[in-house]
Amino acid sequence: MRIALSTGGGDAPGLNAVIRAAVLSALDRGWEVLGIKRGYYGLLGEDDVVPMTRDMVSGIGHLGGTILRTTNRGNPFAYPVPNGDGTYREVDRSEEVVANSKALGIDAIITIGGDGSLSIAQRLVEKGMKMVAVPKTIDNDVSGTITTFGFDTAVTTAIEAIDKLHTTAESHDRVMVLEVMGRDAGFIALHSGVAASADVVLIPEIPFDVDVVVKKIRSRDLAGRRFSIVVVAEGAVPIGGEESIMGPSMPGQAKRMGGIAGPLARMLQEKTGKESRSMVLGHLQRGGQPTGYDRLLATRFGGEAVRAVAEGKWGHMVALHSPNIVTIPIVEALREVKRVDPKHDIVLTARATGISFGD
Ligand code: F6P
């Protein structure tokens with residue numbers, strides 16, 4: 001048996017722990033393991049496919065990033081090819097992935113990625129490839145699993161940032177606006193904001209009215225709390241407004257979201273008369289060591305993925321259904337998008353403890 005591993009999309013802390021667990025579990029069964037570099041690039045002649053040894057995965061479980069590297073510009077079904085005039089066209093190179101994988105004698109692929117990688121995996125399964133998926137994203141927006149690895153680390157990083165902003169905001173009587181990642185999902189903002197006692201949490205699932213935020217800041221002032229912490233998800237939208245886009249993406253990349261914190265802080269300063277500053281936490285949320293929770297979850301996912309391969313569960317994804325790791329069809333995970341439920345207990349408790357969602 002010869003299996004291959006691939007990591008695709010944005011990186012997330014815990015990828016190396018999945019790789020380590022999958023490689024060791026597969027070697028333990030006497031299988032051969034290959035590593036496809038940078039998503040599917042290795043199968044498109046754009047990068048390498050390398051044999052994975054015990055030595056290569058030794059001591060990597062606690063490291064951020066991915067030793068296989070990754071890309072979010074390598075969808076083989078919509079591969080960006082330059083036209084030579086600065087524009088790009090999308091070309092379907094999926095047949096090359098199928099053919100090269102066959103030529104390398106790969107019996108099955110374990111793909112580790114977010115919603116984009118899961119859709120690609122499903123389409124490759126429909127072309128006859130034997131694939132098992134491991135869900136990954138700091139955004140926690142993959143359905144069918146209680147959580148994805150990387151999320152806990154991102155939330156922990158955001159909490160540390162909010163804790164630090166608290167002390168400086170309080171010293172200066174300032175409003176501090178912290179922008180966190182998450183694309184169209186508000187999980188990172190909600191979990192970190194509530195855990196670190198923010199005053200305002202703005203998420204895409206609950207459009208906000210800036211005047212309601214102003215009112216909250218003023219009422220804190222009146223109560224002698226002369227500083228406020230606003231946590232805003234990069235995908236948060238004002239009522240009747242649009243999400244912020246950070247700027248142009250590279251060819252083949254999804255829209256680059258973010259940039260709401262600066263204009264929001266300026267607006268709050270204008271309307272409240274209080275000094276307001278902004279900070280974008282950005283890729284710090286994706287880097288560094290995974291938390292213990294993420295390392296364990298990633299390790300469990302890696303081990304289960306190999307068991308799923310052994311059982312021939314093609315087109316399945318490993319998932320956390322606490323307290324167990326299970327497998328579910330990838331199509332089930334793709335059926336619906338996962339977003340914060342505005343009626344979720346975390347939202348209800350946040351409101352009950354005085355956090356404003358700006359609505
Ligand atoms: O999906 C993970 C994520 O970190 C999002 O939260 C964020 O919008 C995006 O990736 C950023 O991607 P990139 O690193 O390609 O700009």
Side-chain angles (χ1 to χ4, degrees), residues 7-16 18 38-41 64-66 68-75 78-80 88 111-121 133-143 145 147-159 161 178-193 201-205 231-237 242-262 278-291 294 297-298 317 333-334 337-340:
T7 53
D11 66 344
L15 280 169
N16 280 327
V18 179
R38 282 201 295 163
Y40 293 99
Y41 280 179
T66 158
L68 291 175
R69 302 173 64 212
T70 187
T71 177
N72 54 14
R73 298 164 56 192
N75 179 351
Y79 196 88
Y88 284 76
T111 172
I112 311 160
D115 46 2
S117 305
L118 292 173
S119 316
I120 295 168
V134 176
K136 159 247 61 164
T137 168
I138 64 163
D139 304 336
N140 193 31
D141 61 351
V142 175
S143 284
T145 180
T147 192
T148 44
F149 67 88
F151 174 62
D152 186 64
T153 308
V155 169
T156 301
T157 300
I159 287 172
L178 176 71
E179 178 178 314
V180 297
M181 283 184 163
R183 297 197 74 79
D184 300 303
F187 293 104
I188 299 177
L190 177 68
H191 287 230
S192 62
V201 173
L202 305 176
I203 57 175
E205 295 85 349
V231 178
V232 59
E234 62 183 3
V237 279
E242 283 181 6
E243 64 190 12
S244 302
I245 299 296
M246 190 72 103
S249 311
M250 299 288 284
Q253 249 178 2
K255 63 187 173 191
R256 204 175 281 179
M257 296 182 61
I260 188 172
S278 64
M279 192 197 150
V280 179
L281 198 51
H283 291 83
L284 285 179
Q285 292 157 98
R286 292 232 304 251
Q289 292 200 334
T291 58
D294 276 341
L297 181 60
M317 173 186 103
L334 291 175
V337 288
K338 183 161 131 192
R339 297 289 180 262
V340 171

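As a basis for the values below, the full set of heavy atoms in this structure was taken, side chains included, without hydrogen atoms, waters or symmetry mates. In listed order, ligands and their atoms are each counted from 1.
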Exercise. Does the side chain to side chain contact (heavy atoms under 4.5 Å, CB included) test come out yes or no for Tyr40 and Thr111, once each step is laid out?
Worked result: CA-CA 10 Å; Tyr40 293 99; Thr111 172; 3.7 Å; yes
Exercise. Under 3.5 Å, is there a donor-acceptor pair between the side chain of Asp294 and the main chain of Thr153?
Worked result: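 Pair found, side chain donor or acceptor close to backbone of Thr153.
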Problem set entry | side-chain hydrogen bond (donor to acceptor under 3.5 Å, both in side chains), paired with Asp11, selected from Arg69, Arg286, Lys136 |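 Answer after filtering Arg69, Arg286, Lys136: Arg286.
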Problem set entry | For Ser244, side chain to side chain contact (heavy atoms under 4.5 Å, CB included) partners two or more places apart |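 For Ser244, the residues satisfying side chain to side chain contact (heavy atoms under 4.5 Å, CB included) (neighbours in sequence not counted) are Ile260.
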Exercise. For ligand 1, what are the residues with a heavy-atom contact below 4.0 Å?
Worked result: Asn72, Ile138, Asp139, Met181, Gly182, Arg183, Glu234, His283, Arg286
For this session: Evaluate side chain to side chain contact (heavy atoms under 4.5 Å, CB included) for Asp184 paired with Asp141, printing each intermediate quantity in order.
Result: CA-CA 8 Å; Asp184 300 303; Asp141 61 351; over 6 Å; no
For this session: Test Val142 against Phe151 for side chain to side chain contact (heavy atoms under 4.5 Å, CB included), laying out the working first.
Result: CA-CA 11 Å; Val142 175; Phe151 174 62; over 6 Å; no
